[in-house]
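Take a look at the structure below.
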Amino acid sequence: MTARQKDRPWLMRTYAGHSTAEASNALYRNNLAKGQTGLSVAFDLPTQTGYDPDHILARGEVGRVGVPVSHLGDMRRLFQDIPLEQMNTSMTINATAMWMLALYQVVAEEQGADITKLQGTTQNDIVKEYLSRGTHVFPPGPSLRLTTDMITYTVNHIPKWNPINICSYHLQEAGATPVQEIAYAMSTAIAVLDAVFASGQIPEDRKGDVVARISFFVNAGVRFIEEMCKMRAFSRIWDRVTRERYGITDAKQRRFRYGVQVNSLGLTEAQPENNVQRIVLEMLAVTLSKDARARAVQLPAWNEALGLPRPWDQQWSLRIQQVLALESDLLEYEDIFAGSHVIEAKVDELVEESLAEIDRIQQMGGAMAAVESGYLKSNLVASHAERRARIEGGEEKIIGVNCYQATEPSPLTSDLDGAIMTVDPAVEARVAASLTTWRDTRYQPPFNHPRPCKALEKLKAAAAGTANLMEATLECARAGVTTGEWAGALREVFGEFRAPTGVSSAPVAIPAEEGTPLAVVRKKVARTAEDLGSGRLRLLVGKPGLDGHSNGAEQIAVRARDAGFEVVYQGIRLTPEQIVSAALAEDVHCVGLSILSGSHAALVPDVLERLREAGAADLPVIVGGIIPPSDAEDLKRAGVAAVFTPKDFGITEIIGRIVDEIRTANKLDPLEVPA
């Protein structure tokens, strides 16, 4: 193959969005000018969970991890001067995916676009939200209906759109093994396709059109060979499932189509410059093999373990893709791993084990039943605990974290607070004020929207019946309805869902024999409980705000349980008021708050103030999350006893520190227990 016959490169994206629609629009246009070939929209947590920016739960979260989109006006500004008919747009959105697609379609129509030509992807995979990411809203049944209605609508009206991206990415970050990642994603796909075909909205002769629009979004970790074999196994199983279960005869429609974000939570705060080679290696796992090459790739930035990347950091990651695709000869050859007995043996092993796990899930009633029973979640928590134990024990090496920690000062992080982008805290107030203006003026010229209440009543009526919800959702979008109003109407009909935490059923992950670190901490816990005369020490693990990444909180809860604590963990999405009320009601000895979204500056002081008002100012509060050094110092000055960040990888050691803080708060002498 000559250079002129190179394969077309994969779509190159950068997962981006922050602050406001205007700021994100400028970022998108700059990225496109630098050679990015597709857009990947990051929405903020209120948008993802169906709240307007002035809702109590949105406090501290607006514009933090993505762009706030509250109504049609925001979506217009987000894509201003970007011709949507010519764009390929990925939207990482799940519970409110139908709403975001409706807004996107209406903006495209306003631009004069032919919606049958719109190309892009909505993630729209609610199962993994129950398991790992936590932006779910509705119970499994109604959530599956929203997904089904959206798939059938797009197949009929936006035929080039991928209405769902079955997403195993966050499963890996929640601890999934390659077999679990494949099996859980495939089980989700089966549940979705079964529901779509059972809905009666797709004629038999168009089943292949549905299957052809199902795409996947996959994580690529640092174990290069295993990750590449995982993608080949995915492809082989998908071909088998779609052929045997659904009778799809067209090989092109059965093709496994996937996009990738390489592992972000595997990036380290310690020696973050090492993240560059991690990112490159992970990208190679999904690009070197032509027979299992990703159709779209987005790379994190080297500093994502520190905070929000700057435009320059994102540019660096884009250039990594461009150098591989355009400067190397990768795209000139057929699959370079074809015929390898090593690769084939590993793929065969993954296929066999994954199919066995898929069968187990099907025998339980499928993916939705396995979510509701807690089976999937408890398995992920257990797998994650086992991995953390391997890291803590040194069996799994992470350079700069548990080995080779000596390092030269890095010029990249000489100014840690300047090495990331920060979101102006005043943005939240400006976005909320803009929303108020929208609500007040949406009936007036030049808008002249029909009354949103009429559209919302039609939406609720459709939800209570059996009609496809997309048409009523489009009517809401055109009527000027807000994100919170749309989701609120459906909450009235469908209710909400709190997913199982998986903590209570997770097995003990590390040994506690005499002389081990856990045994030492157990003695500290027992001695402190005895000194306080309380029977057992009690720890509340709280997730304030909308941050649904609960992996760290779950691992702290499990290890504290194994160390002898009585653990109070109620899951995600709690207000400071709820956390303080639980702490007082359960008479806990310590409150641990976990926040990865950047909302710590607003939410942690609120918890501290409420404890003071309740007369519990002496109750120690510890905080864990992605917290810049200057913010950590601010929190300590405000009264936080200790701050832990990703560099503090020893969970057993953290539990020991918690005991120390409890003793200090209760004026007990330090315990000199040898480690």
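Computed from a predicted model, the values in this text were never measured in an experiment. Quick note: numbers below take in every heavy atom, side chains included, and nothing from hydrogens, waters or symmetry partners.
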Would you say the side-chain atoms of Gln180 pair up with the backbone N or O of Thr177, donor to acceptor, closer than 3.5 Å? yes
With no hydrogens and no angle check, is any side-chain donor or acceptor of Asp125 less than 3.5 Å from a backbone partner on Ile166? no
Here the pair of heavy atoms bringing Leu45 nearest to Ser597 is CD1-CB, 3.7 Å
Treating Asp52 as the side-chain partner and Gly484 as the backbone partner, does any N or O pair qualify as donor plus acceptor under 3.5 Å? yes
Return yes if some donor-acceptor pair links the side-chain N/O of Glu372 with the main-chain N/O of Ala369 below 3.5 Å, else return no. no
Give a yes or no answer on whether the side chain of Asn275 reaches the backbone of Thr268 with a donor-acceptor pair at less than 3.5 Å. yes
Aromatic contact between Tyr258 and Phe216, with the criterion being ring centroids under 6.0 Å apart: yes or no? no
Main chain of Val67, side chain of Ser19: is a donor-acceptor contact present, judged purely on distance under 3.5 Å? no
Any donor-acceptor N/O pair, Glu269 side chain to Ala305 backbone, under 3.5 Å: no
For the CD atom on Glu653, are there more than 12 heavy atoms of other groups (residues, nucleotides or ligands in this structure) within a distance under 6.0 Å? no
So does Phe43 get a backbone contact from the side chain of Gln48, meaning a donor-acceptor N/O pair under 3.5 Å? yes
Tell me which pairs pass salt bridge (charged side-chain N to carboxylate O under 4.0 Å, His left out) where either residue lies in residues 568-587, with sequence neighbours left out. Arg538-Asp587
Donor-acceptor pair, distance only, cut-off 3.5 Å: does the side chain of Tyr569 make one with the backbone of Ala553? no
Expected output: side-chain Asn263 to main-chain Gly221 donor-acceptor under 3.5 Å: no
